Amino acid sequence: MKDIKVQLQKKVYKALNKIAGDNEILSENVIVENPPKPELGDIAFPMFPYAKVLKKSPASIAVLISDILSSDDNVNTYKPEGPYVNIRLGRENITKQTFSDVEEKKGSYGFNTSRQNEKIMVEFSCPNTNKPLHLGHLRNDSIGESISKILAFNGAVVSKVNLINDRGVHICKSMLAYREFGGGTTPESEKIKSDHFVGKYYVEFDKWLKKNPEADKMARDMLLAWEKGDPEVRELWTKMNKWTVDGIEETYRKTGVSFDRIYYESQTYTAGRDEILKGLEKGVFYKDENNTVWVDLSDINLDKKVLLRGDGTSLYLTQDIGTAIARHNDWPFNTLIYVVASEQQYHFKVLFHILGKLGYEWADKLYHLSYGMVNLPEGRMKSREGTVVDADDLIAELTELAAAEIKNKEREEQVGNIDTTSEKIALGALNYFLLSAAPTKDMIFNPAESLSFNGNTGPYLQYMGARISSILRKYGNTEGLKNADLSLLSLDDEWEIIKLIHIFPEIVEEAGQELNPSLLASYIYDLAKKFSKYYHDYPVLNNGNKSLVAARAALCSAVRQVFENCFSLIGIPYLDAM
RNA sequence: GCGUCCAUAGCUCAGCUGGAUAGAGCAUCGCCCUUCUAAGGCGAGGGUCAGAGGUUCGAAUCCUCUUGGACGUACCA
């Protein structure tokens, strides 16, 4: 559709100049747009901008341009409508081309090469090992996974990386509380998912701290002991970290999240130190009387920032500098995208700037994909007030609701395995919900409403997919569909659907450019809605005309393929029955 | 204080680089299961696009200010 628009732009440009004669030269950048309603045509050119130069009314220009263009084109039709030239495209070629494209590419329909030869690293998730994942992590994971898939579908080579924050005072707090109150219990003995088991002691620590202010200092001491390699502390640390990581990995498996490489903070946290010292030698940084190393950021209108403490220990920022450099060595990327919440914008601004100062020419290829917070109707989630929405609980709840719905509709038999189907519905609901809002925006999770499966939701999309599958199952062998007579698809409703199928690759490209999965979410919802109305109004199988049945089945088949491909990009499992 | 971002229907969100009466879902109220699964379809009501200026033939969209909010501005991560 893009190239068609460009061609038409050129034609309109030429026609405009024909009217202008040699008086005026017009900008080649002719404005194109989509008409607000399908009845108005497929593509529109507003004529307002040329009124002044041509000394004619927009409406009369529209008439002239339409005439000129019509005389030279027997494929598309041009119609002046008020100040607009509205164009109806010849449907035959586009339809034929679109269908054969889908038929040929199948699972890779939508794939394009706009990001070919790019190596893109995507960092996301980055959990702490003191507690299980919550809803905020789920948004991070959804975005990270989706963006990675989208970029790969744009031809890039993508490497997904995770950085597990397994070091620091937070894990020491859980460790202390466990040592104090755990009494040698284990996740197995208590039959609690292992990350939740550890999280329980993190909460326990907070309670303890209220009665015993000493606890804070004890945690810091434990961290020091850890850094010194105290064997007892290390042993406990290893054990508890494993519990958490095992539990988190189980959640990853359930939500379809995976990584090409996992970094552990405990292994990388010292890596930045040498870089800072090198920078100090080069005079990029400076040291104060306490041996603290600083960077002056007044060149980007920011304050100064500590890079190394006086005792030589490193900070979050220090570590991230080291990690970035290590990553570039491990896998020389063209771009590194950090999927991290918006609250860390300042951090990344500073990080990128410092890497630039250190002379890494790839510093300007680092990008912070800053996504908004997930809030509750009452406001921010607060662990202290126990309002944090736990990831596993949420998924379990959604799964139960889906299972109840299946039973309620008496679909057990058709669905087959209720457990796996319910899980897929839960996942579809969750990912669609999290990805349908633009990443940059904060969003509100209203438990009551967000658990619904009706309306603009993942399950609605899955349901449409299941209906298409059902129709195609009833149709039988779909092999012959490539020979279907597509000219029978003459309804406007069919044309609207075909156009949507046609532009799918363009939407994929745009979503990649803008790093915005929500474009795909609203695209597929649009397609689902149009298809839903279409098959409701026009029988695919029971219309009494064998050729028409084949043509419509072919349309179903193409829509199904786009569903599958688009679904996979935004983490919605495709279901053949539900 | 300073910086970044945000403000569209009662609620949750769309609205592309400015363009034709501002769109969905939820909620409310009607209608539709003897035809491919009603997790569905159709219809109704509901908007001074926070407010005020400006640029433009034309602004929800761009610029300025005001108001209201989020986040940040730690030798936390």
Side-chain angles (χ1 to χ4, degrees), chain A residues 29 31-37 40 44 46-49 51-52 57-58 81-84 86 126 128 165 167-170 265 290 292-294 301-303 305-311 313-320 340-347 349 370 372-373 375 377 379-380 402 405-406 408-411 414 425 429 433 436-438 440-446 448-450 452-464 466-468 470-475 510 514 518-519 521-522 525-526 529 532-533 535-537 539-543 549 552-553 556 577-578:
Chain A
N29 195 14
I31 293 159
V32 212
E33 57 188 57
N34 301 320
K37 283 188 175 178
L40 292 168
M47 293 293 121
F48 304 100
K52 202 180 265 178
S57 74
E81 245 145 336
Y84 294 88
N86 288 336
C126 303
N128 289 340
N165 298 304
R167 178 208 75 93
V169 79
H170 54 84
E265 193 192 343
N290 301 321
T292 305
V293 180
W294 296 82
N301 266 328
L302 296 174
D303 215 350
K305 193 97 185 155
V306 172
L307 294 175
L308 273 182
R309 293 193 186 97
D311 61 5
T313 57
S314 35
L315 290 90
Y316 177 52
L317 185 58
T318 326
Q319 165 226 310
D320 252 7
V340 180
S342 57
E343 49 189 0
Q344 294 195 35
Q345 280 181 100
Y346 178 83
H347 169 76
K349 198 171 173 186
S370 152
M373 327 253 4
N375 294 316
R380 194 168 178 163
E405 196 71 15
I406 291 169
N408 188 32
K409 295 184 196 307
E410 298 178 349
R411 299 286 303 168
Q414 292 91 330
I425 292 170
F433 177 79
S436 56
T440 49
K441 292 199 172 178
D442 289 352
M443 63 189 295
I444 292 178
F445 176 80
N446 183 326
E449 286 174 18
S450 307
S452 157
F453 295 158
N454 300 323
N456 189 353
T457 64
Y460 169 81
L461 299 170
Q462 289 173 313
Y463 176 72
M464 285 310 142
R467 294 299 301 269
I468 297 174
S470 166
I471 290 170
L472 289 170
R473 254 195 316 276
K474 290 197 166 120
Y475 177 79
E510 205 185 337
E514 296 185 15
S518 80
L519 299 180
S522 40
Y525 178 66
D526 194 17
K529 234 171 100 75
S532 175
K533 180 168 167 50
Y535 88 85
H536 180 269
D537 291 351
V540 173
L541 303 175
N542 310 323
N543 59 43
V549 169
R552 288 183 176 171
C556 288
M578 69 184 278

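What you are looking at is a predicted structure, and each value in this text was computed from that prediction instead of being measured. By convention in this document, chain letters (A, B, ...) are assigned in the order of the sequence lines, proteins followed by strands, and residues within each chain are numbered from 1.
- When ring centroids are compared, A/Phe433 and A/Phe445 come within the 6.0 Å threshold.
- With the nearest nucleotide of RNA chain B identified for both A/Asn290 and A/Ala438, A/Ala438 has the one nearer the 5' end.
- For B/G1 and B/G40, the P atoms lie 49 Å apart once the distance is rounded to whole Å.
- Remark: the separation of the P atoms in B/G45 and B/G25 is 15 Å, to the nearest Å.
- Using a 4.0 Å cut-off between charged nitrogen and carboxylate oxygen, A/Lys37 and A/Glu81 do not count as a salt-bridge pair.
- Mapping A/Lys349 and A/Asn34 onto RNA chain B via the closest heavy atom, the residue that lands nearer the 5' end is A/Lys349.
- Taking atom P in both B/A60 and B/G23, one finds a spacing of 13 Å when rounded to whole Å.
- At least one side-chain heavy atom of A/Tyr460 sits under 4.5 Å from a side-chain heavy atom of A/Tyr525.
- Taking the P atoms as reference points, B/A24 lies 15 Å from B/A9, given to the whole Å.
- When both pairing distances are held under 3.5 Å, B/G1 makes a Watson-Crick or G-U pair with B/U73.
- Across all strands shown, the partner of B/A44 is B/U28, judged by Watson-Crick or G-U wobble contacts whose two distances both fall under 3.5 Å.
- A/Glu33 comes within contact range of at least one nucleobase, with a heavy-atom separation under 4.0 Å.
- Interface remark: the A/Asn86 side chain does form a donor-acceptor pair with the B/A20 base, using a distance-only criterion of under 3.5 Å.
- Here the closest non-hydrogen pair linking A/Pro459 and A/Met578 is O-CE, 3.8 Å.
- B/U37: no Watson-Crick or G-U partner with both key distances under 3.5 Å is found in any strand.
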Subject >> Contact pattern, 5' to 3', of nucleotides 41-46 of chain B - B, S or - by protein heavy atom under 4.0 Å >> reply: SS----
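- You'll find that the side chain of A/Pro36 is closest to B/A20, out of B/U12, B/A39, B/A20.
- Counting heavy atoms from C-beta on, the side chains of A/Tyr535 and A/Ile471 come closer than 4.5 Å.
- The gap from the C1' atom of B/G53 to that of B/A14 amounts to 28 Å, rounded to the nearest Å.
- Backbone-only contact: A/Leu315 has heavy atoms under 4.0 Å from sugar-phosphate atoms and none from a base.
- Here B/C33 is in the syn range [glycosidic angle within 90° of 0].
- Of the C1' atoms belonging to B/U28 and B/C11, the separation is 13 Å, rounded to the nearest Å.
- Under 4.0 angstrom from either OP1 or OP2 of B/U37 there lies no side-chain N or O belonging to A/Arg473.
- As rounded to the nearest Å, B/G18 and B/A77 have P atoms that lie 43 Å from one another.
- Across all strands shown, B/A52 forms a Watson-Crick or G-U wobble pair, both distances under 3.5 Å, with B/U64.
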**OP:** Walk me through it: do A/Thr313 and A/Asp311 pass the test side-chain hydrogen bond (donor to acceptor under 3.5 Å, both in side chains)?
**Re:** CA-CA 6 Å; A/Thr313 57; A/Asp311 61 5; 2.7 Å; yes
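- The two residues A/Phe48 and A/Pro83 make their nearest non-hydrogen contact at CZ-CG, 3.5 Å.
- The gap from the P atom of B/A50 to that of B/A59 amounts to 15 Å, rounded to the nearest Å.
- OP1 and OP2 of B/C36 both lie 4.0 Å or more from every side-chain N or O belonging to A/Lys474.
- When only modelled atom types and interatomic distance are considered, A/His347 and A/Asp320 share a side-chain donor-acceptor pair under 3.5 Å.
- Figure legend. B/G18 is base-paired to no nucleotide; pairs are counted as Watson-Crick or G-U wobble with both atom distances under 3.5 Å.
- Applying the 4.0 Å criterion to OP1 and OP2 of B/C71, one finds that A/Arg380 has a side-chain N or O inside that range.
- Residue A/Tyr463 places at least one side-chain N or O under 4.0 Å from the OP1 or OP2 atom of B/A39.
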Subject >> Chi angles and distances behind the side-chain hydrogen bond (donor to acceptor under 3.5 Å, both in side chains) call for A/Gln344, A/Tyr316 >> reply: CA-CA 12 Å; A/Gln344 294 195 35; A/Tyr316 177 52; 2.6 Å; yes
